[in-house]
Amino acid sequence: DVQLQASGGGLVQAGGSLRLSCAASGWHFDSYGVGWFRQAPGKEREGVSCITSDGRTYYADSVKGRFTISSDHAKNMVYLQMDSLEPEDTAVYYCAAVRLWVAGVEPLNKDEYDDWGQGTQVTVSS
């Protein structure tokens, strides 16, 4: 079974940085995508960023220029570097995976994703 483990959340002041990590196990797919989503209290889960197995990256407009997604295939890890954090970034962050990435997959659409990890809380104080 595929398992995803997100970590790295915490409390940070506005303008600060955090790096989230997503560890994948049970992984044996050739063409896939891993995404980061977040959910704030009372709001729907929204896509933040995604990286595909061939290195394409996608970002929500709200985080472009501040967040950077990367992956380490050898370690089965995906990272989300979050800089210039704002109070509006406060949410539970989840990593998720699309097992077979094909043309037409919407990278930031949560309904496209097959597997989900548990969340990690990110709190940005003003």
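- The shortest distance between side-chain heavy atoms of Glu44 and Gln39 does not fall below 4.5 Å.
- A side-chain donor from one of Gln121 and Thr123 sits under 3.5 Å from a side-chain acceptor of the other.
- Atom CZ in Phe37 sits 7.0 Å away from atom CG in Asn109 (nearest 0.5 Å).
- Ser71 approaches Val78 most closely through the heavy-atom pair CB-CG2, 4.0 Å.
- Residues Val98 and Leu100 share a hydrophobic cluster, clusters being chains of Ile/Leu/Val/Met/Phe/Trp/Tyr side chains in contact below 4.5 Å.
- Checked options Thr90, Leu11, Leu20; the residue passing with Val122 is Leu20 (criterion: side chain to side chain contact (heavy atoms under 4.5 Å, CB included)).
- No more than 12 heavy atoms of other residues, nucleotides or ligands shown are found within 6.0 angstrom of CD on Gln3.
- Between the CG atom in Leu4 and the OG atom in Ser25 there is a gap of 7.5 Å [rounded to 0.5 Å].
- A cation-pi arrangement, defined by a distance under 6.0 Å to the six-membered ring centre and an angle within 45 degrees of its axis, is absent between Arg38 and Tyr94.
- Closest heavy-atom contact between Ser84 and Ser17: N-OG, 4.4 Å.
- Between atom CG of residue Asp83 and atom CZ of residue Arg66 there is a gap of 9.0 Å, rounded to the nearest 0.5 Å.
- Judged purely by atom type and a 3.5 angstrom limit, Asp115 has no side-chain atom pairing as donor or acceptor with the backbone of Ala96.
- What you find for Gly47 and Ala60 is that their closest heavy atoms are O-CB, 3.5 Å.
- For the residue pair Arg19 and Tyr79, no side-chain donor N or O sits within less than 3.5 Å of a side-chain acceptor on the partner.
- Grouping the Ile, Leu, Val, Met, Phe, Trp and Tyr side chains by contacts below 4.5 angstrom, directly or via other members, places Trp116 with Tyr58.
- Hydrophobic clustering places Val48 together with Ile51 (ILVMFWY residues linked when any side-chain heavy atoms are closer than 4.5 Å, directly or through intermediates).
- The OG atom of Ser49 sits 11.0 Å away from atom CE of Met82, with the distance rounded to the nearest 0.5 Å.
- Of all heavy-atom pairs spanning Ala14 and Ser126, the tightest one is CB-CA, 4.3 Å.
- Looking at every heavy atom in both residues, Cys22 comes nearest to Val34 through SG-CG1, 4.5 Å.
- Cluster annotation: Ile69 is not connected to Leu108 through the hydrophobic network of ILVMFWY side chains, with a link wherever side-chain heavy atoms come within less than 4.5 Å.
- Taking CD from Glu106 and SG from Cys50, the interatomic distance works out to 11.5 Å, rounded to the nearest 0.5 Å.
- Cluster membership for Trp101 and Val2, using ILVMFWY side-chain heavy atoms within less than 4.5 angstrom, is not shared.
- For the atom pair CD (Glu112) and NZ (Lys110), the distance works out to 11.0 Å, reported to the nearest 0.5 Å.
- Of the options Asp89, Thr120, Leu85, a side chain to side chain contact (heavy atoms under 4.5 Å, CB included) to Leu18 is made by Leu85 and by none of the others.
- Separation of the Phe67 and Trp36 ring centroids does not fall under the 6.0 Å cut-off.
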